[in-house]
Amino acid sequence: MTRTPRSRRPASLVAAASAAALLGALLPVTLVAAPAQAANGCLSEVETGAGPIPFLQPGGRCDDQVPPTATLVSVTPAPNDAGFVSSRSLTFTYDGAHSDADSDVIRFECKFYNTAAAPAEWTQCGTKGEGPLSVTYDGLADTTAVPYTFEVRAYDAADRAIDATSDPSTNPLIPGSPAETDLEDTQQTPVKQVVRIDTRAPQAFIFNTPFDAETPSLPMLTTDSPTFRLASSEGNVVYRCDIDGRQVPCQDGNSTFRRLGAGTKVLSVSATDPAGNVDPDPATTTFTVPADIELPSGGKWRETASPRAFGGSYIETTAFGAKFAVEGTNVREVRLIATKRPEAGILRYKVPGNPNWAKAKLNSSRIERGAVIVLRNPSSKSFTGTMKFKTMSRGKLIEVDAIMLR
């Protein structure tokens, strides 16, 4: 009987099959496992879990889900409550930390700009060491509508260089176990500080100052509650007003300084802007406030209230021999605030050292309330003592309001 010869496998194929069987027996189950899930508590994205023979038993990879956090330690100089500084140099000091047990190196990226839109690029600004880091910006211009903005963020220097979803194996025939996700390793909400710079001091101005044709350099008021208009070279300033060194309330625009005492006064106005810059040269104006004439005793004068009168009232009489007096020291100039009218009564006055009585000019073609009658001018001889007044007419009205002696 004839037999058909059996076919034989090549030795190389048999060897390969044996090696495959041996390899199958050695390979762990992880070769066919699904990709590793991202897990909280993972501190690193480097290869993990390799067996004793890494070539035959590659490790897996997980995703560090918690990036480090930067904190702003200080800004020098520190902005005030309005966010302003009066310096052309700014120093920002910052630090960073991991919120878990991660020990990877922390690095920082910064932005500094005064444009409406933030630049897209970040600049490397240091690696965390034993203490905080600082960055200084010099030669800064005053801001206008757009302030300066500083931003800093931290990142995990080791993990950001790794894609956690990449295969950690170096063997193309034996795949590893990459992570399913790769969350950010960079702080997603940067620390931000906005600063406005203003190094220019404001300048205050006083308007509506009184005009005086007799003494332009030292005007006399006709009210004890003058109103001046205040302004500044900058907006949103705070004014400080002093009258003879005493602080008084004031504001932008019209400010009324009420019930000022008699005498020569100096109003000083300075402005402070939101950055704290103070006007180095306050605006000033000098003026003299007359004295209100109080109701004399004796019953021949009566007091009449009027909102238009100096001090809110004036005295009047039609009697003969009605008197009042005022005291003065080193007085040269005297002015009377009174009502001028047709056929006004006669009022005479006398100063110490002069025996003669002079007449105040109260007559006018029309009624003029609050008229200023000059009795003595600055070139007159000075006197100290009591200046006397008396009426020398009957049945004719005399109205007297205030008097200035200086």
Side-chain angles (χ1 to χ4, degrees), residues 208-212 214-215 218-228 241 243-246 248-249 255-267 285-319 321-341 344-352 358 360-362 364 367-378 380 383-391 397-406:
N208 295 348
T209 54
F211 172 74
D212 190 331
E214 292 291 330
T215 53
L218 186 57
M220 185 195 81
L221 302 183
T222 57
T223 175
D224 65 350
S225 299
T227 296
F228 301 109
C241 297
I243 294 181
D244 291 344
R246 177 176 61 90
V248 291
S255 286
T256 300
F257 304 93
R258 300 187 181 280
R259 303 300 182 189
L260 300 182
T264 297
K265 312 288 181 181
V266 178
L267 168 64
T285 184
T286 304
F287 52 84
T288 299
V289 181
D292 197 16
I293 298 177
E294 298 180 358
L295 181 65
S297 60
K300 290 189 175 182
W301 293 92
R302 59 182 178 271
E303 186 174 18
T304 301
S306 171
R308 298 177 57 188
F310 187 98
S313 66
Y314 59 88
I315 61 172
E316 60 182 357
T317 187
T318 56
K323 301 177 182 178
F324 69 91
V326 293
E327 296 290 328
T329 302
N330 294 326
V331 177
R332 292 182 181 274
E333 189 178 2
V334 179
R335 300 186 199 179
L336 191 67
I337 299 178
T339 298
K340 298 177 72 171
R341 64 175 67 248
I346 299 172
L347 178 67
R348 295 188 179 275
Y349 62 93
K350 185 176 70 168
V351 300
K361 298 178 180 179
L362 300 179
S364 176
I367 295 177
E368 300 178 34
R369 299 189 183 279
V372 177
I373 296 104
V374 177
L375 304 183
R376 292 170 64 85
N377 58 45
S380 301
F383 71 86
T384 296
T386 303
M387 184 176 184
K388 299 178 180 179
F389 293 84
K390 67 179 179 179
T391 61
L397 185 60
I398 296 176
E399 297 174 353
V400 181
D401 200 351
I403 190 168
M404 182 203 76
L405 295 89
R406 67 182 181 192

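Just so you know, these numbers come straight off a predicted model, no measurement behind them.
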Quick one: closest heavy-atom pair of [X] and [Y], and the distance?
| X | Y | result |
| --- | --- | --- |
| Gly261 | Val289 | O-CB, 3.4 Å |
| Leu267 | Ile243 | CD1-CG1, 3.8 Å |
| Thr386 | Ala325 | CG2-CB, 3.6 Å |
| Pro290 | Thr288 | CD-O, 3.7 Å |
| Phe257 | Cys241 | CE2-CB, 4.2 Å |
| Trp301 | Lys323 | NE1-O, 3.0 Å |

Can you check whether [Y]'s main-chain N or O pairs, donor with acceptor, with [X]'s side chain at less than 3.5 Å?
| X | Y | value |
| --- | --- | --- |
| Asp212 | Met220 | yes |
| Ser255 | Phe228 | no |
| Asp244 | Val266 | yes |
| Thr391 | Ala319 | yes |

Original post:
Could you go step by step and tell me if Asn208 and Thr227 meet the side chain to side chain contact (heavy atoms under 4.5 Å, CB included) rule?
Top reply: CA-CA 8 Å; Asn208 295 348; Thr227 296; 5.7 Å; no
Interatomic spacing from [atom1] in [X] to [atom2] in [Y] - rounded to 0.5 Å:
| X | Y | atom1 | atom2 | value |
| --- | --- | --- | --- | --- |
| Ile293 | Phe324 | CD1 | CZ | 4.0 Å |
| Leu336 | Tyr349 | CG | OH | 9.5 Å |
| Arg332 | Arg376 | CZ | CZ | 9.0 Å |
| Arg335 | Ile373 | CZ | CD1 | 11.5 Å |
| Thr222 | Phe310 | OG1 | CZ | 8.5 Å |
| Glu316 | Asp401 | CD | CG | 11.0 Å |

Subject >> Of Val351, Leu405, Val334, the residue whose pairing with Leu375 passes side-chain contact (heavy atoms from CB on, under 4.5 Å) >> reply: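 Going through Val351, Leu405, Val334 one by one, the side-chain contact (heavy atoms from CB on, under 4.5 Å) with Leu375 is satisfied by Val334 alone.
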Between [X] and [Y], is any pair of side-chain heavy atoms under 4.5 Å apart?
| X | Y | value |
| --- | --- | --- |
| Phe389 | Ile403 | yes |
| Ile315 | Pro296 | yes |
| Leu362 | Ile398 | yes |

Taking atom [atom1] of [X] as the centre, report whether more than 12 heavy atoms of other residues, nucleotides or ligands fall under 6.0 Å from it.
| X | atom1 | value |
| --- | --- | --- |
| Lys361 | NZ | no |
| Glu303 | CD | yes |
| Lys265 | NZ | yes |

Original post:
Can you tell me if Arg406 and Thr215 form a side-chain donor-acceptor pair at under 3.5 Å?
Top reply: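 The criterion, which ignores hydrogens and geometry beyond distance, is satisfied for Thr215 and Arg406.
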**OP:** May I ask you to check whether Thr384 and Thr329 show a side-chain donor-acceptor distance below 3.5 Å?
**Re:**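 Per modelled atom types, Thr384 and Thr329 side chains form no pair under 3.5 Å.
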Original post:
How would you list, by chain and number, every residue that makes a salt bridge (charged side-chain N to carboxylate O under 4.0 Å, His left out) with Arg258, sequence neighbours excluded?
Top reply: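 With sequence neighbours excluded, Arg258 shows a salt bridge (charged side-chain N to carboxylate O under 4.0 Å, His left out) to no residue whatsoever.
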Original post:
Taking 4.0 angstrom as the limit, do Arg341 and Glu399 come out as a salt bridge?
Top reply: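 Yes, Arg341 and Glu399 are salt-bridged.
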**OP:** Show your working on side chain to side chain contact (heavy atoms under 4.5 Å, CB included) between Leu347 and Val400 and close with a plain yes or no.
**Re:** CA-CA 10 Å; Leu347 178 67; Val400 181; 4.1 Å; yes
